[in-house]
Amino acid sequence: MRASIQNTIGNVSGMVCDGAKACCAMKVSTCANVAVQSALMAINQQRIQSTDGFIQ
């Protein structure tokens, strides 16, 4: 669980939504894909290290 959360934060941190526009829908789609990717990585014991970027 922790690895999945770290992977998600490391991947999409800094993404900002500027309102209810088409680009926001695309960002929601991107985050949904990242959540699945992060979970699959965590299942395979892969994670972004806590010393990288915003995770620490």
Side-chain angles (χ1 to χ4, degrees):
M1 176 78 143
R2 180 180 174 147
S4 182
I5 293 169
Q6 280 184 233
N7 291 337
T8 301
I9 292 171
N11 199 347
V12 297
S13 58
M15 185 181 291
V16 177
C17 184
D18 59 352
K21 298 177 185 164
C23 66
C24 290
M26 190 168 78
K27 290 173 186 166
V28 169
S29 173
T30 298
C31 289
N33 286 323
V34 167
V36 171
Q37 178 186 26
S38 295
L40 292 173
M41 288 176 64
I43 288 169
N44 289 309
Q45 307 300 316
Q46 299 173 337
R47 67 180 174 135
I48 297 173
Q49 297 300 312
S50 61
T51 55
D52 292 345
F54 294 101
I55 297 170
Q56 187 174 24

Side-chain donor/acceptor pairs under 3.5 Å, residues 35-46, sequence neighbours excluded:
unit_1 : atom_1 : unit_2 : atom_2 : d
Gln37  : OE1    : Asn11  : ND2    : 3.4
Ser38  : OG     : Thr8   : N      : 3.2
Ser38  : OG     : Thr8   : OG1    : 3.1
Ser38  : OG     : Val34  : O      : 2.9
Asn44  : ND2    : Leu40  : O      : 3.1

- Query: Hey, is the main chain of Ile48 close enough, under 3.5 Å, to the side chain of Gln6 for a donor-acceptor pair?
  - Reply: yes

Just list the side-chain donor-acceptor pairs under 3.5 Å for residues 22-33, sequence neighbours left out, or say none.
unit_1 : atom_1 : unit_2 : atom_2 : d
Lys27  : NZ     : Val16  : O      : 2.6
Thr30  : OG1    : Met26  : O      : 3.0
Asn33  : ND2    : Ser29  : O      : 3.3

